[in-house]
Amino acid sequence: MQELLNIDIGHLLSRQDHADFISPAEFENFAPRYGQAFEEFQAVLRDKKSPITLSFGEEAAIPRIKELARELGEKYDNVLLLGIGGSALGARAVLQFLHGPFYNLEQHSHPRLFILDNLDPVLVNKAVGVIDMARTAIIYTSKSGSTPETAAQFIYFYNRYKEAGGRLEDIVIICDPGDNGINHIARQLNCRLLHIPRDLPGRYSVLSSVGFLPAEVTGTDSARLLAGAATAHQSIADTPLQQNALFALGTCLYELAVKGKSIHVLFNYSSMLYEFGLWFVQLWAESLGKRLSLDGKEIHAGTTPLASLGATDQHSILQLFKEGPADKVLGFVTIENQPVDITLPEAFPGEKEYAYFTGHTMGRQLSIEQLATEMTLVGAGKPCYRVTLREISPEVLGALFYFYEALVVYTGRLWNINPFDQPGVEEGKNITYALMGRQDYSQKRPAYQEAVSRYQKEGVRLKV
Ligand SMILES: O=P(O)(O)OC[C@H]1O[C@](O)(CO)[C@@H](O)[C@@H]1O
């Protein structure tokens, strides 16, 4: 049987020395140079000692998650998921990949799923206009429980839910098991509570109750997502260096970054992968973008992730990819076996711009366009790799999530950084807490207020 994922790195390599690609000598040097780091990483995976392997322990939680999803489905027409970043992007990716963008408009036996992942009064107001709170269950997902955007949304919808006569014990809270405000609230409400493994960071948590419950609500078997991840895990952890796809790709991406390819584009050739692209952006950016190395040196690690959609973005950003700065490496993601294809009937036979479509399928046209795009980029000196997905299925998506999580953690080792923290986002949060009047930030408030007014005075305003 065909593999869940196939990785082609052939067009990251060149036949001779080439500044934009990996040369044969550089490639040959991978094993002696990085082999030990990779084999150590494999050992950590095999021993299930990496935070990402905590997902496999979540198998035990699946029966309870299924039961909860079934109950919510029986009682409610809608499920409203409140979360942001890693607490929402994975669920969005699962929904889009397995059900497409029109899930909420289709007729089916499962509840509609609304994922609100922004603090935006206009958006919230629009949602309120279409969601009947009396027929809506709430899932509040926050690893830390202190993320201010999600907390504000929860406060608002909790009140609307109460006003609509909602049963407090049906609210679902998904969070870290620590002693924090969100757990206190869960106990106070006596509501449903699911815990995320303590050492599983939010952006790596899609393969836990964070992704599993919304998936199950829409009828996706989360055990199949996890089974796909387990297949990828086994291949990454057990395949020797020379044939290991993760070793080859991760090492190429790191070496290309060092050679100045500072932007990593994921060019997804399926609208079903659009949200996966957003999940990838957070995972790559927050994990690898680090000022300090593990030994405290200022290194400003990482490359900038970008998500693009084929064929759509051939008509927007492709021009820049091909002829703009030579600072990008591109990964194409394609689907080998589409669940449906559409054959084009004969039309306008006398018009040469239209006649040639007759008998072609849209799927075939998309794969021709993907190949044409990739080939022209490689021809223009832009290194490209390709990930081919066997089909649209939970197993494939689980494997894809896990593969990119492992890719990030391995390349994090090469950068010598911690891929599991995000110190850079804390300062902005602290200013928000202080200015919003959070009690335990009262001492810091005057200094922040002064800094804010100084900052605003520095603005140079021009009229249009
Ligand atoms: O799940 P939480 O704790 O609400 O955090 C949401 C997001 O905020 C961050 O902590 C910072 O952006 C992300 O890492 C995380 O996914």
Side-chain angles (χ1 to χ4, degrees), residues 51-52 54-55 58 80-95 115-120 123-124 138-158 171-186 191 193-215 275-291 301-302 304-305 307 401 404-405 408-409 412 417-434 436 438 440-441:
I52 64 172
L54 287 168
S55 282
E58 289 294 274
L80 174 61
L81 169 57
L82 306 174
I84 201 165
S87 289
L89 290 169
R92 283 176 52 173
V94 176
L95 180 68
I115 303 175
L116 281 196
D117 61 353
N118 200 2
L119 179 73
D120 181 338
L123 177 78
V124 168
I138 295 179
I139 303 176
Y140 171 29
T141 306
S142 177
K143 171 82 163 109
S144 62
S146 59
T147 302
E149 298 87 348
T150 325
Q153 286 196 324
F154 179 63
I155 290 166
Y156 177 75
F157 280 105
Y158 164 69
I171 292 175
V172 184
I173 291 182
I174 305 179
C175 66
D176 188 83
D179 179 29
N180 50 32
I182 195 167
N183 275 298
H184 301 164
I185 290 171
C191 66
L193 183 58
L194 293 169
H195 280 145
I196 309 163
R198 194 184 302 268
D199 293 326
L200 183 61
R203 61 184 172 274
Y204 296 88
S205 68
V206 59
L207 298 169
S208 77
S209 50
V210 173
F212 291 168
L213 182 61
E275 302 280 348
F276 175 78
L278 305 183
W279 174 87
F280 155 79
V281 166
Q282 184 206 10
L283 180 76
W284 193 268
E286 269 193 356
S287 303
L288 298 178
K290 299 290 154 71
R291 182 169 70 91
T304 302
F401 280 136
Y404 272 92
E405 288 182 7
V408 161
V409 178
I417 52 94
N418 178 355
F420 300 114
D421 64 1
Q422 58 287 326
V425 294
E426 298 310 324
E427 195 181 0
K429 276 191 194 171
N430 291 340
I431 297 175
T432 304
Y433 293 144
M436 295 273 296
R438 194 173 132 162
D440 47 344
Y441 282 73

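In each ligand, atom 1 is the first atom listed, and ligand 1 is the first ligand listed. All values below come from the heavy atoms of this structure, side chains included, with hydrogens, waters and symmetry mates left out.
- Of the options G145, G86, A88, the smallest heavy-atom separation from atom 16 (O) of ligand 1 is shown by G86.
- Atom CD of E426 has more than 12 heavy atoms from other residues, nucleotides or ligands within 6.0 Å.
- Close approach to I84 involves these atoms of ligand 1, each under 4.0 Å from a residue heavy atom: 6 (C), 7 (C).
- Screening R203, Q282, E405, Q422 against S287 for a side-chain contact (heavy atoms from CB on, under 4.5 Å) leaves a single residue, R203.
- The nearest non-hydrogen atom to atom 13 (C) of ligand 1, considering only R203, Q422, E286, comes from E286.
- Near T147, with a cut-off below 4.0 Å to any heavy atom, the atoms of ligand 1 are 2 (P), 3 (O), 4 (O), 5 (O), 6 (C).
- Under 4.0 angstrom from ligand 1, the non-hydrogen atoms of K429 all belong to its side chain.
- A side-chain donor-acceptor contact under 3.5 Å links T147 and S144.
- Side-chain contact check for N183 versus N180: some heavy-atom pair is nearer than 4.5 Å.
- Looking only at side-chain heavy atoms (C-beta outward), F212 and L207 come within less than 4.5 Å of each other.
- Of all atoms in ligand 1, listed by their number and element, those nearer than 4.0 Å to a heavy atom of K143 are 1 (O), 2 (P), 3 (O), 4 (O).
- Residue G85 has at least one heavy-atom neighbour below 4.0 Å for each of these atoms of ligand 1: 16 (O).
- Considering L116, N118, D117 as possible partners of D120, the one that fulfils the side-chain contact (heavy atoms from CB on, under 4.5 Å) test is N118.
- With ligand atoms numbered from 1 in the order given, ligand 1 contributes 13 (C), 14 (O), 15 (C), 16 (O) to contacts under 4.0 Å with heavy atoms of Q282.
- Using a 4.5 Å heavy-atom threshold, the side chains of I182 and Y140 count as touching.
- In V425, the part holding a heavy atom less than 4.0 Å from any atom of ligand 1 is the side chain.
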